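Accompanying notes for the structure given below.
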Amino acid sequence: MAASVNEKLTLAHNFVLHTNQNIFLTGKAGTGKTTFLHQVKKLSAKRLVVVAPTGVAAINAGGVTIHSLFQLPFGPLTPGTTQREGKKFNKEKINLLRTLDLLVIDEISMVRADVLDGIDEVLRRYRSSSEPFGGVQLLLIGDMQQLPPVIKDEEWALLKPYYNTGYFFGSKALGQTPYVSIELTHIYRQSDERFISLLNSIREKTITRAQLDDLNQRYIPNFSPSDDEGYITLSTHNTAAQQINSQKLQSLKGKLHTFTATVEGEFPAHTYPTEASLDLKVGAQVMFIKNDISREKLYYNGKIGRITSIDSDVIHVKSQQDGEDISVYPVDWTNIRYTLDPNTKEIKSEPIGTFTQFPLKLAWAITVHKSQGLTFDKAIIDVSSAFAHGQVYVALSRCKTFAGLVLRSPIPSHSIKTELELEDFHEQVQLKTPNEQHLHESKRTNQQNLLRELFSFERATSLLYRCRRVANEHASSLPDELMPMLAQLTEELRTRAHDVTQRFVQQLPHYFSQEALPENNEQLQERVRKAGAYFQALLGSEFLPFLQRCPTDSDNKKVRDLLLETMDELEKELFSKFRSFDSCRDGFRALAYLQARNHAELDFQPERKKLERQETATSDGSSRGGLYGALMKWRNDMAGEHNTSGFMVLPQKTIVELAKIRPTTMEELLAIKGFGKTKVKQIGDEILRIVRENPPGRSGSSTTPKEKVAKPPKEPKELSPAITLAFFQSGKTIAEIAAERSLAVSTVESHLVRYVGTGELAVETLLPARKIATIQAYLETYPSESLSEIRQALGNDVSYSDIRYVQYAMRAEAGANGA
């Protein structure tokens, strides 16, 4: 049994990590779906976020709600609603979505079809992709036989014209993309085969009359257990559960203690894990609603106990299961927001609010809805008024044993609700179950698609066309040399990049037809390494510097902003290509390529402003410094003095001509376009004075349309990690690299961490074996501790960088073992 269980979990993890295949992970209650989710969060090398349909589910999953991440409006989302009513995203969230590899949606059974389509609409828009969900891989986790989405009649009236069903599988976007289904079958919660068989029959709506009669034997009329037996009542309605808890609490003698939660930052009331004002008495039956994170692990989410004494800062609870006395103190719940780490460029969960309260809740009764995910030894089930599909199954499956459940009333057959559409969906799911061959082919497809993407300059070509169109439409407002330079770049991009890659792509089917996966095909890898070196040099030394020097000056701010927007997009695309080819200098690896591409998206900063500042400081009259800069300064000063626009004093194009021709007489001034007799009379003397005071520098040549692509003055900062690695591999120490490159030691260390994470740099070259073993042993024992906690435990002999080296090495090893 264990082998098959591990096979399914391994299969699921490999699909998540090594393919771009969408996955529906399902399984009966208690089969470990939530455990798998937490494993994926720890082990996946992909950039991922976790979302859930409700606040409580999101807090439990360690994620955020769907509506908060995607800023979806509440209520039905008919086509186009997301764009019309959704809030505008900030730059950080846009970057997060653009570089997202994997989206995990927990409790998918509760997600409406239109909400899933709303997610699709947002991802397509901000990732500029026509693919479903913008090309992001989906991991959908849930059991369709549990709680359904909540759809009011008036909401369904609006959605019905667009959807055949409100369940997530009715999503238009999901229908456009294939997905595999992996069902976990081994049940950890129950071990009684009779009970497991009964639960399966209820879940699958195949329960027989004999089985129903067997179940209803657990109906015990007027069952009234003593309080010390620890039964909890599961009710379908919140009012019933609240009434039971209130009556039981009131019946207890003794002082009422009220504990008020401390709420800091952002923590919406609807996501509170327990009461903000918690009323308790000695003798009250309570349930722990959080796992004990201490080493003692004294309690877990769902454990039942009874309060034996209450102090101002501690509550003593005796466990119903084992009789152990537990001292309970207030704990924190954290509300998170996903952000981008500016140093590592990884998606991190940033705390934005905390809720501090005793991790307890009155537990004579609880709703079925809030019991999802919990386990009870003894429960009274009150589901005769079940109003939604899945409620009976969820309630019964919370119990560990058949003997531990008691029915408040017999369960009628009609309360085990059957939905034909779910039966049809389940049949379809069975047809989507993958095997190892499917995994192998999905890996192949993923690697092939990423290689085609790597060797495609279609987007760069399209963006360059947009730049030329903007320049052409506004030629009168832009420098004359811009169009010829863009034309030259177009020709260079076509002949030296696009055509070259097209010929290479035509050869890919030959390599793809071979048995070995692309990552393991040495002939293909050799071609990729050579191509990577060629394109890395072409992009880094020629295309990017040339584009950055294309003039964009204009007196028309709207025109310049529009031009810069398109040129920055082109520069970002070329920069991303440069980084992507840089990641392939030792061969193509899918995960390394994804990380390089995503980091490029986050690292990119337009070089144009930096270059303009450099040029302003030069003495070359043809540049933005020297005579050009002096004339621009004089013009802008005059405009400010007379409260007018700069171009009214002297158009930018005229200043360019003045800087090129350098007139020395009034007659030469008159020959320049933009100068008439009146203007010469008004400002001619000033212009000639500025020309005399700014003689041409030694470099004197001006940028011409036929100029060869300029060499970059220095390797751009964005290439720093690659340069650092080369220096380190040549034998230089970290301190020597930092001194030679004028970088902080921490910056050099962050560069090397990156290559440890990709597996290109062995951690043994950075740290002694004994230190590695010490750190790794601690990380394996306490995997969830923060960097500061780990360093404090290990002492000052271990630095933060030492810890990161080992963390990234362990991730690289985990990724390699999973391949």
Side-chain angles (χ1 to χ4, degrees), residues 13 17-18 39-47 341-348 519 579 582-596 598-599 603 719-741 743-819:
H13 189 265
L17 187 62
H18 297 293
Q39 289 174 343
V40 166
K41 289 170 63 179
K42 286 182 180 178
L43 301 177
S44 178
K46 292 185 177 181
R47 295 168 54 79
D341 189 306
N343 297 318
T344 66
K345 308 305 177 187
E346 298 299 323
I347 296 176
K348 66 176 184 178
E519 286 187 346
R579 282 286 193 86
D582 177 51
S583 73
C584 297
R585 64 187 182 283
D586 294 324
F588 170 79
R589 294 291 179 269
L591 286 176
Y593 165 67
L594 280 175
Q595 290 172 340
N598 290 339
H599 284 184
D603 290 341
L719 311 188
S720 270
I723 298 170
T724 297
L725 179 64
F727 278 4
F728 184 77
Q729 291 177 332
S730 72
K732 292 183 183 294
T733 67
I734 290 176
E736 289 170 343
I737 297 171
E740 185 166 339
R741 304 200 58 217
L743 298 174
V745 169
S746 60
T747 301
V748 174
E749 291 173 335
S750 70
H751 290 173
L752 297 178
V753 163
R754 166 188 174 184
Y755 293 106
V756 172
T758 61
E760 300 169 68
L761 185 62
V763 70
E764 288 79 10
T765 63
L766 293 159
L767 300 176
R770 180 175 295 178
K771 181 177 281 191
I772 295 171
T774 300
I775 298 172
Q776 184 168 344
Y778 191 86
L779 292 174
E780 289 173 347
T781 306
Y782 307 109
S784 60
E785 287 195 353
S786 65
L787 275 176
S788 59
E789 291 172 329
I790 297 168
R791 186 166 187 258
Q792 185 176 5
L794 294 177
N796 293 331
D797 185 48
V798 174
S799 69
Y800 287 112
S801 291
D802 294 341
I803 299 168
R804 280 193 286 264
Y805 288 144
V806 178
Q807 283 179 328
Y808 276 64
M810 290 169 68
R811 292 179 194 171
E813 183 180 358
N817 292 338

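Here the structure is a predicted model, which means the values were calculated and not measured. The chain is numbered in sequence order, starting from 1.
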* Main-chain N/O of L594 paired to K46 side chain as donor or acceptor, under 3.5 Å -> no
* **Atom pair CD (Q595) and CZ (R589), whose distance is rounded to the nearest 0.5 Å** => 13.0 Å
* Asked: Is R754 reaching over with its side chain to a backbone N or O of H751, donor-acceptor style, under 3.5 angstrom?
  -> no
* Gap separating the CG atom of L767 from the CG atom of D802, nearest 0.5 angstrom -> 5.0 Å
* How long is the gap from NE2 on H13 to NE2 on H18, to the nearest 0.5 Å? -> 7.5 Å
* **Spacing of CG belonging to D797 relative to NZ belonging to K771, to within rounding of 0.5 Å** => 4.5 Å
* Residue pair L779, M810: steps toward the side chain to side chain contact (heavy atoms under 4.5 Å, CB included) verdict -> CA-CA 9 Å; L779 292 174; M810 290 169 68; 3.6 Å; yes
* **Full working for side chain to side chain contact (heavy atoms under 4.5 Å, CB included) between R585 and E760** => CA-CA 11 Å; R585 64 187 182 283; E760 300 169 68; 3.6 Å; yes
* Quick one: pull up CD1 in I775 and CG in L794 and give me the separation to the nearest 0.5 Å. => 6.5 Å
* Roughly how far, to the nearest 0.5 Å, is CZ of R804 from CG of L752? -> 12.0 Å
* **Full working for side chain to side chain contact (heavy atoms under 4.5 Å, CB included) between F728 and V748** => CA-CA 10 Å; F728 184 77; V748 174; over 6 Å; no
* To do: Please report the shortest heavy-atom distance between S583 and A596, naming the atom on each side.
  => CB-CB, 3.5 Å
* Nearest heavy atoms of V763 and A809, plus distance in Å -> CB-CB, 3.8 Å
* Structure fact -> Closest heavy-atom pair, Y778 versus A793, reported as atoms and distance to 0.1 Å, is OH-CB, 3.1 Å
* Asked: Within the side chain of E519, is there an N or O that forms a donor-acceptor pair under 3.5 Å with the backbone of A590?
  -> yes
* From CA spacing to verdict: side chain to side chain contact (heavy atoms under 4.5 Å, CB included), Y755, T758 -> CA-CA 5 Å; Y755 293 106; T758 61; 4.2 Å; yes
